[in-house]
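Notes follow once the structure below has been shown.
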Amino acid sequence: MRYISTRRGPNTPTRSFSDILLEGLAPDGGLYLPEEYPTLSRSDLDELRIVLREDGYAAMAAGIISLFVDDIPANDLSAITARAYRTPAFSDPQIVPVDALEGTDLHLAHLSNGPTAAFKDMAMQLLGELFEYELTRRGDWLTIVGATSGDTGSSAEYALRGRRGLSVVMLTPAGRMTAFQRAQMFSLLDENIVNVAVDGVFDDCQDLVKAVNMDADFKATWHVGAVNSINWARLLAQVCYYVATWLRVTEEGADASSKVSVVVPSGNFGNVCAAHIARQMGVPLGTLVVATNENDVLDEFFRTGVYRPRSSADTLATSSPSMDISKASNFERFIFDLMGRDGDATRALFDVALARDGYFDLSGTPEFAALRDTYGFISGTSSHADRLAEIARTEKESGYLLDPHTADGVHVARAVRPQIEGPLVVMETALPVKFADTILEATGHLPPVPKRFEGIEGREERVTPLANSVEDLKALIRERVRPGA
Ligand SMILES: Cc1ncc(COP(=O)(O)O)c(C=O)c1O
Ligand SMILES: N[C@@H](CCOP(=O)(O)O)C(=O)O
């Protein structure tokens, strides 16, 4: 399987999986995607069902990932997924259990049972193993420069801490994360981890990451790599849980007519982009529902065809803070598919129109019509009041405590339910323990603290403040990263 950039020109060479794993962002500023999506036939899905039932999630994931990776031997891939997806790192042996939300006609897919209580662990545990494998094979090293709105950072740091040849510089938006999220990251005092508080929002952090990656000399000198969903391997890992979700919700013998729809709390568009890719592969996913918070740029696009990222000043600080994102990086991957995989057309939208006009408008085009009819997308949005009401209602009626992001998903799910036939699964993206203040406001009590997180907020913390400046970031990397350590 070879990989292409979303901004490819006619002569851009294709790349191997292990090259793009370490490279992250393509040199032309685009994002990597497979040259074509492999397909899963009915019998492939039957086979994966047996593997999931008899050998477990890790074996199923290896089967799917091997369709995209031809430069790592199959046995090694199986060993990698077995190390990534196991207990006790994941608290449930099913890794991704899916169950009915009592008293509703919804399901929940539990993606947050990993080490840091967010769905990011599903991909990051795999990425940690893949990086170590590939760097050892090449005798190479990597400086990860990442951006987080609260969950990617801790997930990456827990997955990468102590691994040979890897340093992590993680940019966080100063003052925009919860106390628990800050403690998870800033209490890690490992030498290879540098936490940074940027004077800006998540989008500023992500822009800094991209700017560092676009400086070819700096990137080459510092071996800069990515853990954000910029990195294709993140999405690849996420495709696997959509397959598992379909398998767990449907019965043996189910075929393409057994559609399962999903509601995905969305910010950077990585999670729902993985659902889109699974659907393109032939997994019978019906409707893909994008659920946003008050930062509703994506909802606006799916309703109107206008994509208008907001400025940092217009990006609201909400009570589902990990989704406080206005420039959804992975959206470019979907638009590339929507534009018939035309790199020039994608570049014209993201590199030219956005830079010149601050928006692009697909309303009235065949592509806009295809959003729902061909690609199955619809969207909805949720506010602080909706979120609080949903957390309280679900606890009362279903006996289940939602985190604020999943609550956005459940709120949107209830709104779209009448339009959707068949099972509707909300993807649970975090556990409530990370968002205590909002849970308290919604329910009048604090969330339970799983044993593995007890005492996390009392520990010593270390973080370096940084202006929103690429040059300052480069200087920090020069000063703090020890190449190859
Ligand atoms: C808890 C949580 N929910 C939802 C999201 C949105 O996911 P995505 O960025 O993949 O759209 C994020 C991060 O972005 C998150 O951390
Ligand atoms: N919600 C994320 C921000 C998006 O990051 P990505 O790594 O999925 O691109 C976070 O919690 O950091």
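The basis for the numbers below is simple: all heavy atoms, side chains too, and nothing from hydrogens, waters or symmetry mates. When a ligand or atom number is given, it counts from 1 through the structure's own listing order.
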F334 ring center near Y375 ring center (under 6.0 Å) = yes

key: Atom indices of ligand 2 within 4.0 angstrom of T148 heavy atoms, with elements   = 10 (C), 11 (O), 12 (O)

key: Donor-acceptor contact present, side-chain S155 to main-chain D151, <3.5 Å   = no

query = Given A147, S229, A328, which has its nearest heavy atom closest to atom 6 (P) of ligand 2?
reply = S229

M323 heavy atom under 4.0 Å from ligand 2 = no

ask   = Below 3.5 angstrom, do we get any N/O pair linking N268 and ligand 2?
value = yes

message = Give me the nearest non-hydrogen protein atom to atom 11 (O) of ligand 2 as residue plus atom name, then the distance to 0.1 Å.
response = D151 N, 2.6 Å

query = Below 4.0 Å from any atom of ligand 2, is there a heavy atom belonging to R234?
reply = yes

query = What atoms in ligand 2 come closer than 4.0 Å to a heavy atom of F202?
reply = 3 (C), 4 (C), 5 (O)

Please produce the table of protein N or O atoms sitting under 3.5 Å from N or O atoms belonging to ligand 1, one pair a line, distance to 0.1 Å.
from     : atom 1 : to   : atom 2 : distance (Å)
ligand 1 : 3 (N)  : T429 : OG1    : 2.8
ligand 1 : 9 (O)  : N268 : N      : 2.7
ligand 1 : 10 (O) : G270 : N      : 3.1
ligand 1 : 10 (O) : N271 : N      : 2.8
ligand 1 : 11 (O) : G267 : N      : 2.7
ligand 1 : 11 (O) : N268 : N      : 3.2
ligand 1 : 11 (O) : F269 : N      : 2.9
ligand 1 : 14 (O) : K120 : NZ     : 3.3
ligand 1 : 16 (O) : D151 : OD2    : 2.6

query = Counting both backbone and side chain atoms, is some N or O of N330 under 3.5 Å from an N or O of ligand 2?
reply = no

task = Examine distances only and state if a side-chain atom of D203 and a backbone atom of I325 form a donor-acceptor pair shorter than 3.5 Å.
result = no

task = For atom 3 (C) of ligand 2, grab the closest protein heavy atom and report residue, atom and distance to one decimal in Å.
result = S149 OG, 3.3 Å

Identity and separation of the nearest protein heavy atom to atom 8 (O) of ligand 2 = K120 NZ, 2.8 Å

ask   = Would you say the side-chain atoms of R234 pair up with the backbone N or O of V227, donor to acceptor, closer than 3.5 Å?
value = yes

message = If we ignore hydrogens and angles and just use 3.5 Å, is the side chain of D207 paired with the main-chain N or O of D204 as donor and acceptor?
response = no

ask   = So, are E157 and R161 salt-bridged, with charged N and O less than 4.0 Å apart?
value = no

query = Are F269 and F331 close enough that their ring centres sit under 6.0 Å apart?
reply = yes

message = Keeping T87 on the side-chain end and F90 on the backbone end, is there a donor-acceptor pair under 3.5 Å?
response = no

ask   = Relative to the heavy atoms of G150, which atoms of ligand 2 are at a distance of less than 4.0 Å?
value = 10 (C), 11 (O), 12 (O)

remark   = Counting from 1 in the order shown, the ligand 2 atoms closer than 4.0 Å to a non-hydrogen atom of N228 are 5 (O), 6 (P), 7 (O), 9 (O)

task = For D190 and I193, indicate whether the former's side chain and the latter's backbone hold a donor-acceptor pair under 3.5 Å.
result = no

query = Do NZ/NE/NH1/NH2 and the carboxylate oxygens of E390 and R414 come within less than 4.0 Å?
reply = yes

Centroid-centroid under 6.0 Å between F119 and Y241 rings = no

request  = For ligand 2, note which part of T152 has a heavy atom under 4.0 Å away: side chain, backbone, both or neither.
outcome  = both

query = Between Y37 and F68, does the ring centre distance come in under 6.0 Å?
reply = no

